[in-house]
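These notes are about the structure you will find just below.
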Amino acid sequence: MNMRDAQSNPTIRLTDYQAPAWRIESVDLSFDLDVARTVVDARLTLRGSAAPGTPLVLNGEHMQLLSIRLDERELGPEEYHVDADRLTVKGVRDGSVLETQVAIEPAKNTALEGLYLSGSAESGFLLTQCEAEGFRRITYFQDRPDVLARYTVTLRADAQRFPVLLAGGNPDGEGTLDDGRHWARFVDPHPKPAYLFALVAGHLEKISQDYTTAEGRAVTLNLWAEADAIGQCDYAMDALVRSMKWDEATYGRNYDLDVFHVVATHDFNMGAMENKGLNIFNAKYLLADPQTSTDEEYRGVEAVVAHEYFHNWSGNRVTCRDWFQLSLKEGFTVFREQSFSADMNSQAIKRIEDVGTLRRRQFPEDAGPFAHPVRPAAYREINNFYTATVYEKGAELVRMLAGRLGEAGFRKGTDLYFERNDGKAATIEDFLAALGDANGLDLSKYLAWYGQAGTPRLQAEGRYDAQARQYTLTLRQHTPATPGQSDKQPVPMPVKTALFAADGRMLDLRMPGEAEAGAPERVLEVDGAEQTFVFEDIDTAPIPSLLRGFSAPAILECDYAPEQLAVLLRHDIDGYNRWEAGQQLASRAFDGLHDGDDDSALATWTEALGALFDDTDLDPALLAELLTPPGETELSERVDAYDPQAVHDARRRMQQALADTMGAKALKARYDMLHAQRGVDLSGPAQARRRLKRRVLELLCLADAEVACTLARDQYAQASDMSDRLAALRCLLRLGGTAGDEAAADFRQRFDGQPLAMDKWFASQAAVPGEDALARVQGLMGDAAFTLRNPNRVNSLLGSFARMNPTGFHRADGEGYRFLTAQLAELDALNPQVAARLATAFNGWRQLEPGRREHAHQALAELSAKGGHSPNLGEIIDRALQG
Ligand code: B3K
Ligand code: ZN
């Protein structure tokens with residue numbers, strides 16, 4: 001067995017890409033599966049015209065080579081070489097067949113990459129995770145996405161211990177063997193890279209459904225889970241069928257195997273994985289039932305099921321040439337998933353949620369030490385680049401392209417992209433070329449977005465000339481420097497624009513050269529550093545509504561008066577921009593409180609919301625979002641020396657003022673009205689009501705704690721679904737006192753042994769603000785249900801503390817930092833991917849006020865000095881310290 005460490009991981013650069021010297025045409029794998037020791041036989045048929053003598057270099061780690069044969073001949077020691085992370089073979093020709101046999105140890109695999117065990121050695125099941133580079137822990141192979149091979153996989157195992165045997169592809173026979181063992185074979189007709197390989201073996205139950213694709217293929221859909229969870233798969237099945245239909249209708253994409261398996265596990269490093277024909281899901285994104293899942297989690301299941309299914313084309317049929325192109329599949333697939341979710345739910349709310357996620361997760365990334373382009377130029381550990389930038393900002397870039405081409409043009413473009421690149425490993429250039437060629441356009445200027453880190457600033461300045469009845473809008477863009485990339489270019493930015501009068505009227509727009517007024521909403525294309533746009537026949541000083549629908553992933557800087565934002569908040573017909581105006585106004589209110597004692601913007605904000613609160617026609621979900629100011633992380637970006645307590649206090653004052661403006665009586669009346677309509681109902685309107693009810697209860701906690709406490713206790717006790725129960729628990733925990741303790745104790749007992757509910761129990765306590773949080777979290781680590789070996793548990797307790805609880809984590813005495821680095825060191829030895837992700841909580845340390853900054857710096861420096869980290873954690877710490 002061998003280990004890589006941070007020192008042995010060299011930097012990989014996009015500019016160094018070289019096509020492989022050898023290709024692997026087909027691979028025949030056979031597994032003798034067991035928990036402690038699994039033996040893997042691989043038979044690779046090699047192709048290539050490399051210069052004679054060019055050795056074949058295969059990746060392979062954490063395995064023991066038992067035998068090696070080339071073209072049916074056992075190789076002698078001088079004919080091959082085994083290193084810690086590779087196997088080099090001499091004498092390979094076009095058409096050669098290489099056979100290796102290796103042994104691996106799944107039960108010892110705590111990194112959850114390669115073949116590993118979910119659950120206990122006695123009753124758990126075996127599964128694989130190969131993306132990005134896990135296949136090299138299974139057998140010696142060219143573990144890179146541009147090597148596409150045809151797979152035949154045979155699984156053999158004890159029939160009692162592993163009754164279910166699954167691998168990707170179509171089933172190709174099964175049978176029994178001597179001594180209680182059995183076998184099953186699978187053939188995948190579609191060439192695929194190694195990262196899409198998967199197998200699963202163990203005790204699992206399934207639900208099945210027949211599906212016929214639009215092209216007429218009969219497919220069996222199987223969703224698999226352990227016996228105690230199989231009853232929670234129905235919603236995912238429903239979401240899968242809807243996703244398949246949607247992709248047929250929207251992109252003309254059909255499923256392409258006879259069977260599609262999806263398996264749930266509680267032990268998974270991320271959300272889910274799109275392995276060809278055998279998706280594997282973190283249980284959190286597959287299992288759902290009203291008792292243990294919130295409305296938000298239902299929407300999460302729907303989105304992730306769709307996302308992984310959509311990868312079958314955007315990712316699997318067309319894959320990435322190298323990992324720098326990751327956003328080719330991820331950004332595009334996130335965009336596809338966002339469009340699907342918007343179609344299934346509410347367009348405006350989905351957009352608000354997605355932009356919110358981008359701001360909370362991607363903007364800070366772009367502003368911190370780990371800033372990288374959507375197509376990074378270099379990496380040490382690719383797993384560190386499954387980031388909000390590659391995913392969410394990548395999706396925004398595809399959205400801009402889709403907007404530029406229009407619905408029909410974009411569809412023509414994606415059709416051409418899939419047709420040209422089917423069965424191939426493609427690049428971002430291939431994507432832009434196909435979209436452009438299908439529409440007779442050159443889209444290569446969009447490459448600038450892919451290569452440049454940092455969030456562009458869009459400055460807008462309007463000038464109204466009453467005499468000429470002209471409004472002139474000047475738009476300027478610049479992108480601040482990011483580590484290692486100081487010179488930035490202007491990027492093509494579609495700025496969707498409308499103009500409003502002070503009375504809320506949307507103005508007709510006529511631009512120079514137009515005979516008469518046209519659409520009241522225009523897309524202004526800003527390509528250069530500065531551009532000016534003129535609007536004619538404008539009879540009143542207008543208020544510009546810019547970047548409507550968040551038409552480009554930029555930060556808008558426009559000198560609005562608070563009253564102008566209030567007009568947009570009340571009257572804009574674009575639900576997203578209405579919310580955005582409210583967020584801008586709230587941010588101004590925050591500035592006034594944080595930087596001094598100016599509460600003028602605050603009054604404008606609370607008054608505008610007060611009026612909207614009484615508007616019963618408003619979608620309750622939108623109202624809930626309007627009533628929520630930007631979070632502490634977003635607000636922290638507005639201040640120079642970030643003092644988390646000061647930001648928290650200012651935000652709390654805003655919320656208090658809002659609650660006081662509404663008044664306890666009106667809040668309680670609205671709560672009662674919403675609560676009267678409760679019941680297990682997953683429809684959109686019912687979810688929207690629960691969303692608003694939760695927000696109203698939170699505000700009532702500020703307006704009248706006593707009344708709110710009584711309501712929350714009742715809501716907790718009588719809840720028929722998890723959304724209501726968890727919302728009440730969170731309020732009670734924040735109110736403090738015995739009611740919170742009692743509810744937490746009840747929850748602990750009620751959901752004992754139910755992992756997904758327990759995760760919420762840990763998370764909601766870890767997120768309660770204040771200095772006591774650290775002691776609470778330390779106490780919770782002693783709970784019998786806590787373990788560092790389970791990624792969901794780590795994220796729910798430590799992740800919530802470090803990310804969702806700024807006043808707790810950033811304690812002024814630095815104890816929060818020292819606690820986290822101690823956990824990171826321990827976690828890294830078990831699971832480097834999870835440790836590295838958690839460590840990114842330190843990324844913003846340089847923005848902190850001097851006292852905290854020094855503590856954070858010291859904690860990081862001490863962790864770094866300890867050495868011996870995984871490449872994953874090492875890269876994150878080094879970048880944070882280099883800045
Ligand atoms: N492609 C996987 C993510 C793999 C992460 C590897 N560290 C899931 C997804 O994006 O669909
Ligand atoms: Zn994905």
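Because the structure is predicted, anything quoted here is derived from the model rather than measured. Both counts, for ligands and for their atoms, begin at 1 and track the order of listing.
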Worksheet item: Between His372 and Asp366, what is the shortest heavy-atom contact and its length?
Response: O-OD1, 4.2 Å
What atoms of ligand 1 come within less than 4.0 Å of a heavy atom belonging to [X]?
X	result
Lys329	1 (N)
His311	9 (C), 10 (O), 11 (O)
Met273	1 (N), 2 (C)
Gln833	7 (N)
His307	9 (C), 10 (O), 11 (O)
Asn383	6 (C), 7 (N)

Discussion item. With side chain to side chain donor-acceptor pair (under 3.5 Å) as the criterion, how do Asn59 and Asp85 come out once you've worked through the C-alpha distance, each side chain's angles and the decisive distance to 0.1 Å?
Written reply: CA-CA 6 Å; Asn59 308 98; Asp85 59 2; over 6 Å; no
Worksheet item: Parallel, tilted or perpendicular: which describes the rings of Phe410 and Phe335, with under 30° parallel and over 60° perpendicular?
Response: perpendicular
Discussion item. For Phe260 and Tyr309, take the angle between the two ring planes, folded into 0 to 90°, and tell me which bin it lands in: parallel under 30, tilted 30 to 60, perpendicular over 60.
Written reply: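 Taking Tyr309 first and then Phe260, their aromatic rings stand perpendicular (interplane angle over 60°).
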Are [X] and [Y] close enough that their ring centres sit under 6.0 Å apart?
X	Y	answer
Tyr379	Phe324	yes
Tyr195	Trp323	yes
Trp313	Tyr251	no

Discussion item. So, applying side chain to side chain donor-acceptor pair (under 3.5 Å) with Asn345, which one of Lys350, Glu302, Arg299 is it?
Written reply: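 Only one of Lys350, Glu302, Arg299 forms a side chain to side chain donor-acceptor pair (under 3.5 Å) with Asn345, namely Glu302.
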Practice prompt. Answer yes or no for Arg336 and Phe340: cation-pi contact, defined as NZ/CZ to six-membered ring centre under 6.0 Å and angle to ring axis within 45°.
Written response: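 Not satisfied by the 6.0 Å and 45° rule.
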Fill in: Nearest candidate to atom 4 (C) of ligand 1, where distance is taken over non-hydrogen atoms, out of Arg837, Glu274, Glu131
Glu131
Discussion item. When you compare ligand 1 with Tyr391, is there at least one nitrogen or oxygen pair between them that comes in under 3.5 angstrom?
Written reply: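 The answer is yes, given that Tyr391 and ligand 1 share an N or O pair closer than 3.5 Å.
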Fill in: Heteroatoms of the protein, restricted to N/O/S, which lie under 2.8 Å from the Zn ion (ligand 2)
His307 NE2, His311 NE2, Glu330 OE1
Practice prompt. Check whether any side-chain heavy atom of Glu296 sits under 4.5 Å from a side-chain heavy atom of Glu353, and report yes or no.
Written response: no
Worksheet, complete the sentence: If you scan protein heavy atoms around atom 8 (C) of ligand 1, the nearest is Ala272 O, 2.9 Å
